[in-house]
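All ligand and atom numbering here is 1-based and tracks the order in the structure.
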Amino acid sequence: MALEAEKSCRYGRWSLKRMTALVTGGTRGIGYAIVEELAGFGAVIHTFSRNQQNSMNAYKNGKGKGYCEWISMQVNNAGILIHKQTTEYTAEDFSNLMSTNFEAPFHLSQLAHPLLKASGNGNVVFISSTAGIIAAPSSPPFALTKGTLNTKSDIEYT
Ligand SMILES: NC(=O)c1ccc[n+]([C@@H]2O[C@H](COP(=O)([O-])OP(=O)(O)OC[C@H]3O[C@@H](n4cnc5c(N)ncnc54)[C@H](OP(=O)(O)O)[C@@H]3O)[C@@H](O)[C@H]2O)c1
């Protein structure tokens, strides 16, 4: 789904016009705030979530183009938190957590690579958590999924 800024850029000093952003889980919470902020600076936004109605609302609020030929920035925001002690985790809980918080950003970034490359200066942002540095007792496995995102790399992909 695409959302385009309807107002001129909030601040005159810089803008994101002609930029295209893919934001996962942009229908509520932090992702929604990211969508609003980027759109406010003039970027065309593509976003989605599991809930079809929420995704459609995002579409109706904007001027969707339905496709994109390049992506200037990809924000891997969608994530879940399962509040359980490690000993209470089922195999399904662990699989859901890993697939949503770690595998999906990895595979989506791989898939987006040609579109990021086409922009000439593509960037990928991963939304982590302080739990990725110091695990919270409410869900150590969640900390694991975020810690994997924190590894610093200076590698530039061409
Ligand atoms: N809130 C915090 O205090 C906090 C702190 C540290 C880090 N974070 C991180 O920030 C990110 C956003 O957190 P939030 O609190 O804004 O979460 P949220 O309010 O629960 O929103 C999550 C968004 O992701 C979507 N989503 C979840 N699973 C998805 C899936 N499998 N495929 C597609 N979309 C999916 C949700 O929509 P649907 O349910 O419709 O799919 C929703 O739009 C997460 O990565 C989270 O770990 C949050």
Exercise. Would you say Gly31 and ligand 1 have an N/O pair spaced under 3.5 Å apart?
Worked result: no
Exercise. Side chains of Tyr32 and Thr47: do they bring a donor and an acceptor to under 3.5 Å?
Worked result: no
For this session: Might you check, step by step, whether the distance between atom 40 (O) of ligand 1 and some protein heavy atom is under 4.0 Å?
Result: yes
Exercise. Side-chain donor-acceptor pair under 3.5 Å between Ser109 and Asn76, yes or no?
Worked result: yes
Exercise. Do any nitrogen or oxygen atoms of Asn54 lie less than 3.5 angstrom from nitrogen or oxygen atoms of ligand 1?
Worked result: no
Exercise. Can you tell me how far CG of Leu22 sits from CE of Met73, rounded to the nearest 0.5 angstrom?
Worked result: 11.0 Å
Exercise. Can you tell me how far OG1 of Thr24 sits from CZ of Phe126, rounded to the nearest 0.5 angstrom?
Worked result: 10.0 Å
Problem set entry | Whether Thr27 lies under 4.0 Å from ligand 1, heavy atom | yes
Problem set entry | same_hphob_cluster(Phe106, Leu108) at 4.5 Å side-chain heavy-atom cutoff | no
For this session: Check each heavy atom of Ala131 against ligand 1 and say whether those closer than 4.0 Å belong to the side chain, the backbone, both or neither.
Result: neither
Exercise. Under 4.0 angstrom from ligand 1, any heavy atom of Tyr32?
Worked result: no
For this session: Could you check if a side-chain atom of Leu81 sits within less than 4.5 angstrom of a side-chain atom of His83, using non-hydrogen atoms only?
Result: yes
For this session: Indicate yes or no: does an N/O atom of Thr130 lie under 3.5 Å from an N/O atom of ligand 1?
Result: no
Exercise. Would you say Arg50 has any N or O atom under 3.5 Å from an N or O of ligand 1, going by distance alone?
Worked result: yes
For this session: Going by heavy-atom distance to atom 1 (N) of ligand 1, choose the closest among Val23, Ile30, Leu108.
Result: Ile30
For this session: To the nearest 0.5 Å, tell me how far Ser128 OG sits from Ile133 CD1.
Result: 6.5 Å
Exercise. Can Asn77 be said to touch ligand 1, with heavy atoms closer than 4.0 Å?
Worked result: yes
For this session: Work out whether the distance between some heavy atom of Ser99 and some atom of ligand 1 is less than 4.0 Å.
Result: no
Exercise. Any side-chain heavy-atom pair from Thr27 and Phe48 closer than 4.5 angstrom?
Worked result: no
For this session: Just go through Arg28, Lys146, Gln53 and tell me whose heavy atom is the nearest to atom 47 (O) of ligand 1.
Result: Lys146
